A.B. asks: 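Would you mind keeping the following structure in view while I ask a few things?
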There are 2 protein chains.
Amino acid sequence: MKKRVSLKDIAKEAGVSIATVSYVLSKQNNTGISREVTERIKRIAAELNYRPNQIAKSLQSGKSHTIGLIVADISNPFFALIARIVEDEAKKHGYTVIFGSSDEKASKSADLIKFLLNRQVDGFIIAPAEGSKDQIEYLKAQNVPLVLIDRYFPKLETNYVVIENYLASFEATGRLLANGNNRIGMVAYATEMQHMQERIRGYRDALAQDGISDTFVHEIKFSAIQSEVEGAVDQMLNMNDPVDAIFFATNTLGIIGLKYLNRLKVSIPKDVSVIVFDESEAFDFFYCPLTYVKQPLHDMAKKAVEVLVEQIADPNKGFHKIKLGAKLVLGDSCA
Amino acid sequence: MKKRVSLKDIAKEAGVSIATVSYVLSKQNNTGISREVTERIKRIAAELNYRPNQIAKSLQSGKSHTIGLIVADISNPFFALIARIVEDEAKKHGYTVIFGSSDEKASKSADLIKFLLNRQVDGFIIAPAEGSKDQIEYLKAQNVPLVLIDRYFPKLETNYVVIENYLASFEATGRLLANGNNRIGMVAYATEMQHMQERIRGYRDALAQDGISDTFVHEIKFSAIQSEVEGAVDQMLNMNDPVDAIFFATNTLGIIGLKYLNRLKVSIPKDVSVIVFDESEAFDFFYCPLTYVKQPLHDMAKKAVEVLVEQIADPNKGFHKIKLGAKLVLGDSCA
DNA sequence: AAAATAATTTTAAACGTTTAAATATTTATA
DNA sequence: TATAAATATTTAAACGTTTAAAATTATTTT
C-alpha cells in the first residue's frame with residue numbers, strides 16, 4: 001500500500017511547520033494563519049490528495065468516532081435491518097459502525113466486547129445475549145457509553161430501547177381469544193431474557209384474564225431450533241385435545257413453524273390459527289395473510305443511536321429507558 | 001469513559017520502563033527480560049486489567065487489522081449473509097470488519113471509500129456499484145489491497161470472486177425451454193454492470209440457440225423497483241401473445257414480481273413458469289416450490305476474505321480471478 | 001525610532017505503542 | 001581481579017495528529 005500523504009509531507013512542500021498545516025486544515029477559520037499561507041497549504045493538500053489519518057486523530061483525541069454494534073446474528077433480517085438503520089443514523093452523527101454477531105452466546109459476546117474495546121469504540125449498541133449481564137455491568141463500571149436494544153436487564157440500570165413486549169403479546173393473544181380460540185399454544189425461546197419472558201407473561205395473563213387455565217408454552221433451545229420447533233408443533237397437535245391456535249414468539253420461530261405446518265398440510269386458519277411476533281418478507285408469500293406483531297424497528301434503531309451519541313457527548317445525563325409500542329397487524333390467520 | 005490502563009501505568013506500578021513492559025506483553029517469549037520481572041509485569045497487567053490500545057498499535061504499525069466491506073445494502077439478505085460470513089472469516093484471520101451500504105450509488109460508494117480510507121482499513125471487499133470503476137482504479141493506483149465480490153469490471157485487472165453468471169443464466173433459461181416454454185421474458189436491472197449483462201446474455205444465447213428470436217428483457221431502475229417490476233409483468237402478460245415464462249434476475253426482483261403475480265392471481269406454473277436467480281427464505285412459503293439459481297455465497301465470501309488477507313500480506317502476488325459455479329435447484333415452477 | 005501591540009508561525013509535548021540501539025548489570029573466563 | 005561475554009533494562013525515536021505556549025515577525029502607537 002502506497003505511503004499515505006501526511007501533514008509532514010504538506011509542510012515540507014509548503015515550507016512551513018507541521019503545526020501550521022494542522023491549523024489550516026483542521027480549523028475551519030480564524031486560525032491566525034495568513035491568507036497567503038492558508039491558500040498555499042490548501043492548494044498543496046489538494047494536489048497531494050491529502051486524507052487525514054483518522055487513527056492518529058483518534059489516538060490524539062481519545063475518540064475513535066466508532067460505535068460497536070453487537071447483535072445475535074447480522075444475517076438474520078431482523079438484525080440486518082437494525083444494522084442498516086444504525087449505520088445510516090450513525091453516519092449522520094459522524095460515526096462508523098463495527099458490528100459483530102454473538103450467536104446468542106455470552107462467550108462470543110464477551111470476546112466481541114473485548115475486541116471492540118481494544119479498538120477503542122466510543123460506545124456500544126448491544127442486543128444482549130443471555131448470561132451477558134456481567135459484561136454489561138463491566139462496561140457500566142468502566143463508564144463506557146452503551147445502549148441496549150431489543151432486550152434489557154430489568155435489574156440493571158442502563159440505557160435501553162426496547163418494545164412493550166408484554167402489551168404486544170397480551171394484545172396478540174387477546175386477538176386469538178376474541179376470535180374464539182381457547183386452546184392456544186405458544187412457541188418461544190428457552191431464555192431468561194426479559195423480552196421473551198414478557199412475551200410469555202403477556203400470553204399467560206391474556207389467557208388468565210379470560211379464565212383459561214390451560215397454557216402450552218414450548219421453550220425452544222437456540223442449539224436445535226428446527227427440531228425443537230417441530231417437536232413442539234407435533235406435541236400441540238397430537239394432544240388429546242389439540243390446540244386451536246399457535247402463537248410464535250419470533251420471526252425465526254414463526255418461519256420454521258409455518259414451514260412445518262405446511263409440510264403437515266395443516267391449513268391456516270381452518271385447522272389452526274396463527275399469530276407471529278415480528279414480520280418477515282417470507283410471510284408475504286404465505287397463502288394466508290398472517291396476523292403479526294409489527295415492531296417499530298426503524299424508530300428503535302434510530303433512537304438507540306441518538307441516545308448513544310448523547311451519552312458519548314455527556315456521560316452524566318441520566319439513563320434513557322425507552323419502550324416503544326408495537327402494532328398488531330391483522331391478517332386472516334386467526335379465525 | 002474511565003481512563004484506560006496503558007503500558008505507562010503498568011510500568012510505573014512495576015518500577016520499570018515502558019519498553020520493558022511492552023517487551024513482556026507483546027512478545028510471546030525469549031525477550032531477554034528476566035523471569036522475575038516478566039512475572040511481576042504480567043501480574044500487574046492482569047490486576048489492572050490491561051487492554052492494549054489497538055489504535056496506538058495501528059498508528060505505530062501502519063496496520064489497522066480492519067477491512068472495509070462495501071455492499072449495496074446490508075439489510076438485503078443476500079448481502080447480510082455475505083457480511084456474516086465475511087465477519088466470521090475475517091475474525092479467523094484477526095481482522096475486524098467495518099461495513100457500509102452504497103445503495104448501488106457511485107456517490108455513496110465514493111464517500112464510503114474515503115471514509116474507510118481515513119480510518120486506515122487495510123483492505124476492501126467491495127460489491128461495486130455501477131459507475132464506481134474509477135474509484136476502484138484509484139484504490140488500485142494507491143496499491144490498496146482489494147477484492148471485488150459478486151460483480152467486477154472486466155476491463156479492470158483486479159482480484160475478484162464472482163459466479164459464472166452467464167452459464168447459470170444460460171442453464172436456467174435452457175430449463176425453461178426444455179420444459180416447453182418458448183415465449184420467455186426476463187426481468188433484470190438496468191445496469192451496465194457485468195454480472196447483470198452476463199445474466200441477460202445467458203438468457204439471450206439460450207433462446208438463440210433454440211432458434212427463438214423473440215426476447216423480452218425488461219430492465220428495472222433501482223430508483224423505482226416495485227412500480228417498474230409491476231409494469232414489466234403487466235406488459236409481458238398483456239401482449240398479444242403473452243409470455244409463458246418469466247426469469248427474474250435477482251432475489252429482490254423475484255420477490256416483488258411474485259408478489260405481484262399473486263395479486264394478479266396468476267397461477268404458477270399453470271399460467272406462467274418462473275425461475276429466479278438467487279434464493280430467499282420467502283420462496284419457501286410460495287405455494288409452488290420454485291426453481292432457482294443457488295449461488296455459493298458461503299464459498300464466495302470465504303474466498304474473498306482469503307484472497308484479501310493474502311493480498312494484504314503480500315501485495316505483489318498476482319490477481320486472483322475467481323469464478324464459482326452456481327447451481328440450478330429444481331422446483332415445480334417451470335412446467 | 002523605540003516600545004508596545006498585534007499577527008503569524010514554530011516548538012515541543014502529548015496520545016499509546018514498538019523497536020533498534022545504547023547502557024547497565026550480572027556472570028563467566030582468564 | 002580485571003576483562004570479556006552474556007543478560008537485562010532503558011533511552012529515544014517513530015507513527016500522524018493536536019494544541020498550549022513560546023518565539024518570531026509585522027504593524028501601530030508614541
Side-chain angles (χ1 to χ4, degrees), chain A residues 1-42 44-45 48-66 94 117-122, chain B residues 1-42 44-45 48-66 94 117-122:
Chain A
M1 185 137 51
K2 210 175 261 185
K3 204 192 147 299
R4 303 275 312 266
V5 176
S6 70
L7 293 184
K8 206 195 220 170
D9 302 314
I10 299 176
K12 200 187 305 171
E13 183 79 9
V16 297
S17 75
I18 293 176
T20 307
V21 179
S22 174
Y23 281 121
V24 168
L25 262 27
S26 62
K27 309 281 190 254
Q28 29 278 56
N29 46 19
N30 298 343
T31 56
I33 308 290
S34 68
R35 195 151 190 49
E36 186 238 323
V37 172
T38 299
E39 273 169 9
R40 177 151 40 100
I41 288 176
K42 282 191 174 162
I44 293 173
L48 297 183
N49 190 20
Y50 170 72
R51 270 291 164 43
N53 182 325
Q54 189 60 43
I55 292 218
K57 282 195 183 191
S58 294
L59 180 60
Q60 146 71 30
S61 68
K63 300 260 139 255
S64 63
H65 284 274
T66 297
L117 276 180
N118 290 358
R119 282 183 152 68
Q120 312 295 117
V121 297
D122 292 338
Chain B
M1 186 135 52
K2 211 174 257 183
K3 203 195 147 296
R4 302 276 314 267
V5 175
S6 70
L7 293 183
K8 204 196 223 173
D9 302 314
I10 299 175
K12 200 187 306 170
E13 183 79 11
V16 297
S17 74
I18 294 176
T20 308
V21 180
S22 173
Y23 281 122
V24 169
L25 263 26
S26 61
K27 310 277 190 256
Q28 30 278 53
N29 47 19
N30 298 343
T31 56
I33 307 290
S34 68
R35 196 153 191 47
E36 187 238 324
V37 172
T38 299
E39 273 169 11
R40 178 152 39 102
I41 288 174
K42 282 192 173 161
I44 293 173
L48 298 183
N49 190 21
Y50 170 72
R51 272 294 163 41
N53 182 326
Q54 189 60 42
I55 292 218
K57 283 195 185 192
S58 293
L59 180 59
Q60 145 71 31
S61 68
K63 299 260 137 257
S64 63
H65 283 276
T66 298
L117 277 179
N118 289 358
R119 283 185 153 65
Q120 312 294 118
V121 297
D122 292 338

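Numbers restart at 1 for each chain; the letters A, B, ... are given by sequence-line order, proteins then strands. Please read all numbers here as calculations on a predicted model, not as lab measurements.
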A.B. asks: Can you tell me which nucleotide in C/dT18, D/dT17, D/dG16 comes closest to the side chain of B/Lys57?
C.D. replies: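 The closest nucleotide is C/dT18.
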
A.B. asks: B/Tyr50 OH to C/dG16 P: how many Å, rounded?
C.D. replies: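 Going from OH in B/Tyr50 over to P in C/dG16 covers 10 Å.
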
A.B. asks: If the cut-off is 4.0 Å, is A/Ser22 near the phosphate of D/dT17, judged by side-chain N/O to OP1 or OP2?
C.D. replies: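 For D/dT17, OP1/OP2 do not have a side-chain N/O of A/Ser22 under 4.0 Å.
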
A.B. asks: Quick one, A/Ile10 and A/Leu48 - any side-chain contact, counting heavy atoms below 4.5 Å?
C.D. replies: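 Yes. Closest side-chain heavy atoms under 4.5 Å.
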
A.B. asks: What's the CD-P distance between A/Gln120 and C/dG16, to the nearest Å?
C.D. replies: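 About 9 Å, once rounded to whole Å.
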
A.B. asks: Listed in order of residue number, which residues of residues 9-19 of chain A have a non-hydrogen atom at under 4.0 Å from DNA chain C?
C.D. replies: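 Within residues 9-19 of chain A, the residues near DNA chain C are A/Val16, A/Ser17, A/Ala19.
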
A.B. asks: Would you kindly give the CD-to-P distance between B/Gln60 and D/dC15, to the nearest whole Å?
C.D. replies: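 B/Gln60 atom CD is separated from D/dC15 atom P by 9 Å.
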
A.B. asks: In whole angstrom, what separates B/Arg40's CZ from D/dA8's P?
C.D. replies: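 Whole-Å distance recorded here is 14 Å.
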
A.B. asks: Evaluate the side-chain proximity of B/Arg40 to B/Val37: yes if any heavy-atom separation is below 4.5 Å, no if none is.
C.D. replies: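 Side chain of B/Val37 against side chain of B/Arg40, heavy atoms only: contact under 4.5 Å found.
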
A.B. asks: For A/Ile33 and D/dT19, what is the distance between atoms CD1 and P respectively, to the nearest whole Å?
C.D. replies: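 Distance, rounded to whole Å: 14 Å.
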
A.B. asks: If you look at every strand shown and take non-hydrogen atoms under 4.0 Å, does B/Ser6 touch a base, only sugar-phosphate, or nothing?
C.D. replies: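 Touches sugar-phosphate only.
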
A.B. asks: What nucleic acid atoms does B/Ser26 come within less than 4.0 Å of, heavy atoms only: base, sugar-phosphate, or nothing?
C.D. replies: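 Since only primed, P, OP1 and OP2 atoms lie under 4.0 Å of B/Ser26, the category is sugar-phosphate.
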
A.B. asks: Output yes when at least one side-chain N/O atom of B/Lys8 is less than 4.0 Å from OP1 or OP2 of C/dC15, else no.
C.D. replies: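 Result: yes.
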
A.B. asks: Is there side-chain contact between B/Leu25 and B/Pro52, with heavy atoms separated by less than 4.5 Å?
C.D. replies: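 B/Leu25 does not reach B/Pro52 side chain to side chain.
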
A.B. asks: Please determine whether a side-chain nitrogen or oxygen atom of A/Ser34 lies at a distance below 4.0 Å from atom OP1 or OP2 of C/dT9.
C.D. replies: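 Result: yes.
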
A.B. asks: Can you measure B/Leu59 atom CG to C/dA14 atom P for me and round it to whole angstrom units?
C.D. replies: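 In whole Å, C/dA14 P and B/Leu59 CG are 17 Å from each other.
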
A.B. asks: Quick one: B/Glu36 CD to C/dT26 P, roughly how many Å, whole number?
C.D. replies: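 One finds 12 Å between P of C/dT26 and CD of B/Glu36, rounded.
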
A.B. asks: Could you give the CG-to-P distance, from A/Asn118 to C/dT17, as a whole number of Å?
C.D. replies: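 After rounding, the reported distance stands at 10 Å.
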
A.B. asks: Residues two or more places apart in sequence or in another chain: which of them pass side chain to side chain contact (heavy atoms under 4.5 Å, CB included) with A/Thr38?
C.D. replies: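 Side chain to side chain contact (heavy atoms under 4.5 Å, CB included) check on A/Thr38 returns A/Val24, A/Ile33, A/Lys42.
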
A.B. asks: First locate atom CD1 of A/Ile18, then atom NZ of A/Lys8, and finally report the distance between them rounded to the nearest 0.5 Å.
C.D. replies: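 Going from CD1 on A/Ile18 over to NZ on A/Lys8, the span is 6.0 Å.
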
A.B. asks: Does the C/dA7 base have a donor-acceptor partner in the side chain of A/Tyr23 within less than 3.5 Å?
C.D. replies: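 No pair found.
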
A.B. asks: Indicate yes or no: at least one non-hydrogen side-chain atom of B/Gln120 is less than 4.5 angstrom from one of B/Ser58.
C.D. replies: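 Not touching, per the 4.5 Å side-chain cut-off.
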
A.B. asks: Let me confirm one number: the OH-CG distance from B/Tyr50 to B/Leu7, rounded to the nearest 0.5 Å.
C.D. replies: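 The OH atom of B/Tyr50 sits 3.5 Å away from the CG atom of B/Leu7.
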
A.B. asks: Of all the nucleotides listed (D/dG16, C/dT17, D/dT17), which has the minimum atom distance to the side chain of A/Leu7?
C.D. replies: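 The answer is D/dT17.
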
A.B. asks: What's A/Lys27 touching, base or sugar-phosphate or nothing? Going by heavy atoms closer than 4.0 Å.
C.D. replies: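 Sugar-phosphate contact only - A/Lys27 comes under 4.0 Å of backbone atoms but never of a base.
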
